[in-house]
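We name chains A, B, ... by the order of the sequence lines, and we start the count at 1 in each one.
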Amino acid sequence: MRIKNRNNVKVLFFYYIYNMNRFGYACINTELTAKGISSSRSMKLSTFLKNGRTHYDTTVIGNLGSLLQTLKWNEEHGIKVFRISNDLFPHKNRVTLDELLEVEPIRVLLSGIGEYAISNGHRLSFHTDAYSVLASQRESVVANAVNDINFVSGVLDAMGLECTPLHKVNVHIGTSKPSKPQAAENFINGYNLLSPSAKRRLTIENDDKPSAFTVDDLYNLIHTHIRIPIVIDYHHHSIHNDGVDLENALSKALSTWNGVRPIVHYSSSRKLYEDVKSPVTAHADFIYEKIPTFGRDFDIMLECKSKEQALLKYVSCL
DNA sequence: CATGGTCAAGTGGCA
DNA sequence: TGCCACTTGACCATG
């Protein structure tokens, strides 16, 4: 949605009347990646152990430079919402953010990225991967999850981004063992181990597996206790919802944001639109239907395999 | 230089 | 209790 209009009042009025949702995409810009500009260069453990910190720092500095270029590309294309890849900093359990911030180019790039994001009104966030399980029954897994979440929350802090779910760190619950209520309690115990910054940024997302947490589960078993916002994933909800309809689930999720602009996740079903042999959980390359918003205003993180291309295609059809 | 096997991570279903 | 599938993009050894 590219709006270039000298008459700001008119533009604001337009937004007000039409209740404009903003769109973002996750982690990878395929166009820039094809040109070698990637903020998610990773590193095998063997390489990290063999080549050490100098090599690691070089990779991270490259990722940060590419991230800034990606944000500039986003700005040029009217995109204000972006999820940062976890691979921005690989091997977060083998380095500390404090020691990395002693490296001048890393510190300078982080603050530069933050300044750019703030001056252009960009919303940046993280989403830890499926292996960060705060609710795990294994103490070492919880410790790793706490470290990961604190780390990326600290990265957002180092960028100078406001410490609220506007710049969130999103997680899945990741397990429902030994029982859903007990897993929720374990999650809350894990939450209490987080840094103050991470606690203020943390959000939780519904999942698609039959045993996993729906929006209602998140609301009843977690939100009522620690009041953190719920990110509804439309695709997950469509697969696993315990009979609650979309409008109700959406409404419940939006009600948890406490004045911060909510965000949701959206993707089309690959099985339904692109390849019947795909599992129901697979995401499509593009968006194939009008995203139902029920007249509500919030940000929409698109999780399409074709990334920014899917976003541009979708908004060009609005 | 292109390609495809391998890697990280943790859960959960199944022998 | 052990093993493998699951997921994903990028690494990196091989040809």
Distance-only, no hydrogens or angles: does the A/Arg200 side chain make a donor-acceptor pair with backbone N or O of A/Lys168 under 3.5 Å? no

Under 3.5 Å donor-acceptor, A/His172 side chain and A/Ala130 backbone: no

Protein-nucleotide distance ([X], atom [atom1]; [N], atom [atom2]), rounded to Å:
X	N	atom1	atom2	value
A/His55	C/dC11	NE2	C1'	10 Å
A/Glu303	C/dG9	CD	P	12 Å
A/Lys307	C/dA10	NZ	P	9 Å
A/Glu139	B/dG10	CD	C1'	16 Å
A/Asn93	B/dA9	CG	P	8 Å
A/Asp129	C/dT8	CG	P	12 Å

Counting the atoms with a prime plus P, OP1 and OP2 as sugar-phosphate, which does A/Ser132 contact under 4.0 Å by heavy atoms, base, sugar-phosphate, or nothing? nothing

Mind checking A/Asn144 for me? I need base, sugar-phosphate or nothing, with any heavy atom below 4.0 Å counting as a touch. sugar-phosphate

Are OP1 or OP2 of B/dG10 and a side-chain N or O of A/Arg138 less than 4.0 angstrom apart? no

May I ask you to evaluate whether A/Ser85 reaches the phosphate of C/dG9, defined as a side-chain N or O under 4.0 Å from OP1 or OP2? no

Whether the side chain of A/Tyr131 and the base of C/dT8 hold a donor-acceptor pair under 3.5 Å is what I'd like checked. no

Under 3.5 Å, which N/O atoms of the protein pair with N/O atoms of nucleotides 2-5 of chain B?
{"unit_1": "B/dG5", "atom_1": "N2", "unit_2": "A/Lys44", "atom_2": "NZ", "d": "3.4"}

Hydrophobic clusters here meaning ILVMFWY residues chained together by side-chain heavy-atom distances under 4.5 Å, can you tell me if A/Leu101 and A/Val95 are in one? yes

